[in-house]
There are 4 protein chains.
Amino acid sequence: MVTDHRKQPRRRGEALHAAIFEATLDELAEVGYAKLTMERVAERARTGKASLYRRWPSRLELVMAAVYSVLPDPADVADTGSLRGDLLALLRHTSAALDGAPGEAMRGLLSEALGDRGQAATLRENSQGAGRRMMHEVVRRAVERGEVEAGAVTPRRLDVGQAMIRQHFLFNGPPIPDTLIVEVVDEIIVPLLGCPAP
Amino acid sequence: MVTDHRKQPRRRGEALHAAIFEATLDELAEVGYAKLTMERVAERARTGKASLYRRWPSRLELVMAAVYSVLPDPADVADTGSLRGDLLALLRHTSAALDGAPGEAMRGLLSEALGDRGQAATLRENSQGAGRRMMHEVVRRAVERGEVEAGAVTPRRLDVGQAMIRQHFLFNGPPIPDTLIVEVVDEIIVPLLGCPAP
Amino acid sequence: MVTDHRKQPRRRGEALHAAIFEATLDELAEVGYAKLTMERVAERARTGKASLYRRWPSRLELVMAAVYSVLPDPADVADTGSLRGDLLALLRHTSAALDGAPGEAMRGLLSEALGDRGQAATLRENSQGAGRRMMHEVVRRAVERGEVEAGAVTPRRLDVGQAMIRQHFLFNGPPIPDTLIVEVVDEIIVPLLGCPAP
Amino acid sequence: MVTDHRKQPRRRGEALHAAIFEATLDELAEVGYAKLTMERVAERARTGKASLYRRWPSRLELVMAAVYSVLPDPADVADTGSLRGDLLALLRHTSAALDGAPGEAMRGLLSEALGDRGQAATLRENSQGAGRRMMHEVVRRAVERGEVEAGAVTPRRLDVGQAMIRQHFLFNGPPIPDTLIVEVVDEIIVPLLGCPAP
DNA sequence: TTTTAACCGAGACGGTACGTCCCGTCTTGGC
DNA sequence: GCCAAGACGGGACGTACCGTCTCGGTTAAAA
């Protein structure tokens, strides 16, 4: 319950931090990044703007921090025993991660983050990092299993799946249809890893 | 008396339209989409805000129209005589198109356009349409030439190249390194079109 | 009927003139001078702004002209046979004249007309002229009748009645209560004209 | 960073209030009520429009408040020892009050204030209130002194002087000639108070 | 336990841009 | 030619937020 204005014990540190993140993510979900304002986040978190600026110097960084705090754990990549199964699991994980605050934020942050080299790097890491590492792991296991030849693996090829998913999300919005994921795996990634790179 | 004292006859219709587009694209190049304001565009085009709003109901639509007006003509896709040559030409064309106002706009528009179903469709068409059609044509020719078997062609596979290029642009900004293009062609598209889809 | 937009024979000269005055007076009555705009008058008269500006250089002059055209004829001052009767008739005439477009206009014009010496004079003439002349005539007759001694008449004394009525109208708006008129006549004008000026 | 770089500590409350009134009165004096804009008042007071609207919901109320703050104190009415002397002093006081911001404002406010019953009442009180109270006091003293018989005093008669002065001011602008004041006293008020009301 | 300093909420502040209305001028067709 | 219609360059409106600042009150740690 958020609308109760009677005196409650004043929040500090962790509790306030969490309340602000919650308000930020709620706003993100309701109005999107473009229309998210510090004013409304503060009001929603029942705090003052100063408490936001004391912690994050800009909307961009507040949103990045809030989203980061809620990013699904890359966790151990599900090992389904087959390359195809692992790939489907992985892309579905990516798809799920995008479908919510993180996706909405990524969309909006793209144009603002570029201005700051460091922010851009953080955004990249949050958006692409886990996916890349997971893909690397999945393919490593497939090579170990003998499903894939090491010569077929290149960095670019590891990126193709995520690129297709993210691309679709950015231009079409959520949700990502599962048929897309299946097609990407069956028509693109699996065949690619089946033939040697030049 | 409040009005302007300029000498040149007042601009109307086409001439004004063009001046506004020019101002919009200049602003886009200088400050980016996020910081582009109607106020400054009007000032830069030496007109009033009303003349902007009379034509486009929002910043989003003004920018889309301005960018659309300057999109490089997909035109005839260079026919280099080989699939690989055509693909390189095509992706370099896409890369060049992104490296300027259209790219800067696409980045910023992504988060705002999604709110309006129609705007999103327009953005997709402007951003992906030409690329897809060109890719379709290039591959059609390769099939005719016998370089590629018709069974290897699927809609998803035609999208892979553009997805990789756009992806890199969005997260890393311009310019797109040519090595990326070459790798995408040699490690991904050509091999993919060399093996049948399932 | 004003709302019919179907083709009617185009108005010119007199007819257009009259239509504009009508629109002006209607606007004056509905929204008052402060909120009367050339734009709305033109629309209401189903003409273009240029046709207004071709005839009157400003809102002030349009309104003055429109009001002037409708000012009640000072006419011959009713001769009731007694000073008191004449005075009551005269002030009621003034009161009636104020209660409508002329009054509403006078109110608003006061602050704008001062800027232009000529306009101010016109406003004074339209607002006070007829009243003064009528008062002069009424008192002249009373002197002739022997009701009033010539020595009791001065320009200031002739203005008192109108000043009281106009004053009340300006600060309290219409309508002017008849008791006010009666009191002004009985407590002020008649006694004043009954004692000699110093 | 967008904010101001001024050195002096930001003004608040009283200080800002006063600065805004000063700016308002200066604008009133320079361009008049009709051309006074919130934009220029804010600029002149070196603040933002929001700080004006936070305090007064409209130009009308800002101007009324500013003028009210500077109205000469009705204070104790000068006691010159004679009715005539008191009346001259009083009307000269009124005349002086009109000849500045209060007069300029009154002129412009007349047409706008009528729309709001409350504003109209405030305007009346500010414009006529003090004058009426002072006149009441002056006449009370004259009655005490035996200069005037109580039966000669009526509310209307107490208003005549102010009405004549204000009338002249509204239609002719400042300054009010002293001969007018003298005539009003000698030809109108003094004689009136010398004969009984009916 | 009391003091005290940091932190909190609230919101005023100087400022930018918004999208709208109207200004007074100018241009275009049509009658 | 004059008319209607309305585009044009521009000024001001009243609103929403920006990022900074100031103001009391808590409230947790230091004394």
Side-chain angles (χ1 to χ4, degrees), chain A residues 5 7-13 15-16 35-43 45-55 57-59, chain B residues 1-6 8-13 15-17 35-43 45-55 57-59, chain C residues 5 7-13 15-16 35-43 45-54 57-59, chain D residues 1-6 8-13 15-16 35-43 45-55 57-59:
Chain A
H5 284 189
K7 274 282 132 61
Q8 298 174 359
R10 186 176 280 175
R11 298 157 303 168
R12 305 169 67 94
L16 182 52
K35 295 183 185 166
L36 179 147
T37 70
M38 298 300 259
E39 203 117 11
R40 285 180 59 79
V41 170
E43 189 185 1
R46 286 180 304 115
T47 183
K49 284 189 288 179
S51 293
L52 304 188
Y53 285 106
R54 206 175 289 129
R55 293 173 167 76
S58 68
R59 179 175 75 147
Chain B
M1 163 83 145
V2 179
T3 34
D4 60 321
H5 297 156
R6 290 169 301 99
Q8 54 273 59
R10 196 180 271 177
R11 295 161 302 168
R12 301 171 66 86
L16 182 53
H17 218 91
K35 295 182 185 166
L36 179 148
T37 70
M38 298 301 259
E39 205 117 22
R40 280 188 57 76
V41 169
E43 189 186 359
R46 285 179 306 112
T47 184
K49 282 191 288 180
S51 292
L52 304 189
Y53 285 107
R54 209 174 284 129
R55 293 174 166 76
S58 69
R59 182 176 72 147
Chain C
H5 283 190
K7 274 283 134 58
Q8 297 173 359
R10 184 175 284 176
R11 299 155 302 167
R12 304 168 68 95
L16 183 52
K35 295 184 186 165
L36 178 146
T37 70
M38 298 300 259
E39 201 116 11
R40 285 181 58 80
V41 169
E43 189 185 2
R46 285 181 304 115
T47 182
K49 285 189 286 179
S51 294
L52 304 188
Y53 285 106
R54 205 175 290 127
S58 70
R59 181 175 73 146
Chain D
M1 163 80 146
V2 179
T3 32
D4 61 320
H5 296 154
R6 290 169 300 100
Q8 54 272 60
R10 196 179 272 178
R11 295 161 301 169
R12 301 171 67 85
L16 182 53
K35 294 183 187 166
L36 179 148
T37 70
M38 298 299 260
E39 205 117 23
R40 279 189 58 77
V41 170
E43 189 185 358
R46 285 179 307 111
T47 182
K49 281 190 288 180
S51 292
L52 304 189
Y53 285 108
R54 209 173 284 130
R55 292 173 166 76
S58 69
R59 183 176 70 146

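Sequence lines set the chain letters: A, B, ... in the order given, protein chains first and strands last, and positions in each chain run from 1.
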Query raised in the report: Of all the nucleotides listed (dC13(F), dC22(E), dC18(E)), which has the minimum atom distance to the side chain of Thr37(C)?
Result: dC22(E)
Query raised in the report: Start at the 5' end of DNA chain E and walk down; is the nucleotide closest to Ala50(C) or to Ala50(D) reached first?
Result: Ala50(D)
Query raised in the report: How close or far is atom C1' of dC22(E) from atom CG of Leu52(C), stated in whole angstroms?
Result: 13 Å
Report summary line: Against the side chain of Leu16(B), the closest entry in dA17(E), dA10(E), dC8(F) is dC8(F)
Query - Distance in Å, Leu16(B) CG paired with Arg54(B) CZ, rounded so as to fall on 0.5 Å steps - result: 8.5 Å
**Report entry** Between dT28(E) (P) and Arg11(B) (CZ): distance, integer Å
**Finding:** 15 Å
Report summary line: By nearest-nucleotide position on DNA chain E, the 5'-leaning member of Lys49(D) and Met38(C) is Lys49(D)
Report task. Find out whether Lys35(D) and Arg40(D) are in side-chain contact, i.e. whether some heavy atom of one side chain is under 4.5 Å from a heavy atom of the other. Result -> no
Query raised in the report: Just how far, in rounded Å, is C1' of dC18(E) from NZ of Lys35(A)?
Result: 14 Å
Query raised in the report: Which is true for Arg55(B) with a 4.0 Å heavy-atom rule: it touches a base, it touches only sugar-phosphate, or it touches nothing?
Result: sugar-phosphate
Report task. For Glu39(D) and dC18(E), give me the distance from atom CD to atom P, rounded to whole Å. Result -> 14 Å
Query raised in the report: Hey, does the side chain of Arg40(A) come within less than 4.0 Å of dC17(F)'s phosphate (OP1/OP2), counting only N and O?
Result: no
Report task. Please examine the side chains of Val41(C) and Arg59(C), heavy atoms only from C-beta on, and report whether any two atoms are closer than 4.5 Å. Result -> no
Report summary line: Between Pro57(D) and Arg54(C), whichever has its closest DNA chain F nucleotide further toward 5' is Arg54(C)
**Report entry** Side-chain N or O of Thr47(A) closer than 4.0 Å to phosphate OP1/OP2 of dC8(E)
**Finding:** no
Report task. Rounded off to whole Å, could you give me the CD-to-P distance for the Glu43(B) and dT16(E) pair? Result -> 12 Å
Report task. Calculate the interatomic distance between Arg46(B) atom CZ and dC8(F) atom P; express it in whole Å. Result -> 14 Å
Query raised in the report: Closest heavy-atom contact between Gly48(C) and Ala42(C)?
Result: C-CB, 3.9 Å
**Report entry** Protein-nucleotide distance (Tyr53(C), atom OH; dC2(F), atom P), rounded to Å
**Finding:** 20 Å
Query raised in the report: Do any side-chain nitrogens or oxygens of Ser51(A) fall under 4.0 Å of OP1 or OP2 in dG9(E)?
Result: yes
Requested in this report: Round to the nearest Å and state the distance from Leu36(D) atom CG to dG11(F) atom P.
Outcome: 17 Å
Query raised in the report: From Met38(B) CE over to Leu36(B) CG, what is the distance, rounded to the nearest 0.5 angstrom?
Result: 8.5 Å
